[in-house]
Amino acid sequence: MSSSGDLINPQTTHVALFPSAGMGHLIPFLRFGALLLGRGNCRVTLITINPTVSLAESQYTSQFLSAYPQVTHLQLNLIPVDPATVNSDDPFWLRFEAVRRSAHLLRPLLSSASPPLSALVHDVSLISPVIPIAESLSLPSYVLFPASARMLSFVSYFPTFAAAGFGSANSDPFLRIPGISPIPRSSVPPPLLDPNSLFSKILMEDSPNLSRLNGIFINSYDGMDTESVEALNGGKVSKGSPPLSLVGPFPPFEFEKTEWSTPSEWLDEQAEGSVVFVSFGSRTALSRDQITEVGEGLVKSGCRFFWVVKDKKVDKEDDESLNEVVGGELLERMKGQGLVVKQWVDQGEILGHRAVGGFLSHCGWNSVMEAAHKGVRVLAWPQHGDQKINAEVVRASGLGIWVEIWGWSSESVVKRDEIAERVRELMGSESLKLQAAKIGDVARKASEVGGNRDNTLERLIGEWEKEKKKKKNNNTRTTTLL
């Protein structure tokens, strides 16, 4: 859908957003898009992949487009990938690879945009296939990184680690990146310890090309993960690093609310700060044994809780009832103490409810930043991917606690007594509560009108407008000479 006013004014700043697979990647892109649209002087084109991995992605995109009818929506139809050819059966990584192999189809979508594009913001998993296309169109390209600056430091330095064989058992137990505190080898996503994994191959190809980007955006703000931000922007991590801009925190937007969003009636009945919210994100599927231990641990903690249960990796396949997944007897014992659901919820709204005082989280970066923005303390329980490195940031900032010995979700089943003990520790700590509140104050100030986020977006749009005028003037001079 197009806005005729924008078509009349070719000087309008026009940004294309190109996310990849998974809600963890899609959410920050659409929230960033909403922030740009809120400026009033920026047009947005959203390019989505077809088909998506999950139903949640399709629904979330539809909600965004309904709320912002001025957005132009384009679809990139993917070339299928045979799992046997890429050494992975993970549906999300398979989709990343399908997008990479289909990226050449992006060029006509970008070149035909009207008014002409000012910038392209794409997913970090698409660096190598997309940059040549952007360069051929003289289009500034940026990555919206979906994790912490500390994780970005690791990604930037990854080829150096790989060349040194950091995956071997005799390696240094810490990965040492210039300018930041050492990263424990145990925090590295397991697929990256295998040089033949799809994840490793993508990073080996993409990391050296980071310097070709015009910039990198992160959903963060001054005061969070400062060490890594300063190391990256100071050129300590790698020479030629593109400038890193902090464009967060991203607030949940009105378009994200669904018909069944927050169980407000139940939460309204609870005392202020008394509820621990339990959710492991859109991708994390716990085993049935672990689900039982989590449930028993929550009951044993004695704390009020609101628990979002998930036991399938891809939500459109998740059709079993809550009773089947958790068990009728355990559900019965939870009544009165907690609320258990098995569906997509508005996490930002829940974390912002006065009754919620703690968050048992997998530490996906979107979740960390939502907790920080609302000043809610976190019990970090990383499950896979970048989440241990994000958990290091949670602990270092004072936003929460992290029980390292729990390990990855695939390594062992954490028992109910341990879960109960740590939930009580989280909810009973006054010092954590006060520190989380301070972090929330800083995050909210960054997101206010005239705050750091506002200033950063204004600067970026100003740069894009300036570059667009410069390009137009150069084209005019060329035409005159001809």
* Under a 4.0 Å N-O cut-off, is there an ion pair linking R395 with E404? -> yes
* Step-by-step salt bridge (Lys or Arg N to Asp or Glu O under 4.0 Å) determination, R101 to E97 -> CA-CA 6 Å; R101 295 187 184 189; E97 183 63 13; 3.0 Å; yes
* To do: Go through the side-chain N and O atoms of S20 and R100 and say whether any donor and acceptor fall under 3.5 Å apart.
  => no
* Between N233, N452, T456, V229, which is the residue that forms a side chain to side chain contact (heavy atoms under 4.5 Å, CB included) with L246? -> V229
* Asked: Can a donor-acceptor pair be found between the side chains of T13 and R39 at a distance below 3.5 Å?
  -> no
* Just how far is it from atom OG of S228 to atom CD of E392, taken to the nearest 0.5 Å? -> 9.5 Å
* Side chains of S409 and H384: is there a donor and an acceptor less than 3.5 Å apart? -> no
* Asked: CD of E411: more than 12 outside heavy atoms within 6.0 angstrom?
  -> yes
* Asked: So do the side chains of E227 and R150 get within less than 4.5 Å of each other, counting heavy atoms only?
  -> yes
* To do: Check the side chains of S58 and T52 for a donor-acceptor pair under 3.5 angstrom, ignoring hydrogens and angles.
  => yes
* To do: Examine the side chains of S125 and D123 and answer whether a donor and an acceptor come within less than 3.5 Å of each other.
  => yes
* **Note: D441-R444 ion pair, threshold 4.0 Å (strictly below)** => yes
* **R459 bridged to E463 by N-O distance under 4.0 Å** => yes
* Structure fact -> Output for pair (M224 CE, S148 OG), nearest 0.5 Å, gives 10.0 Å
* Asked: Under 4.0 Å between a Lys/Arg side-chain N and an Asp/Glu carboxylate O for R354 and D268?
  -> no
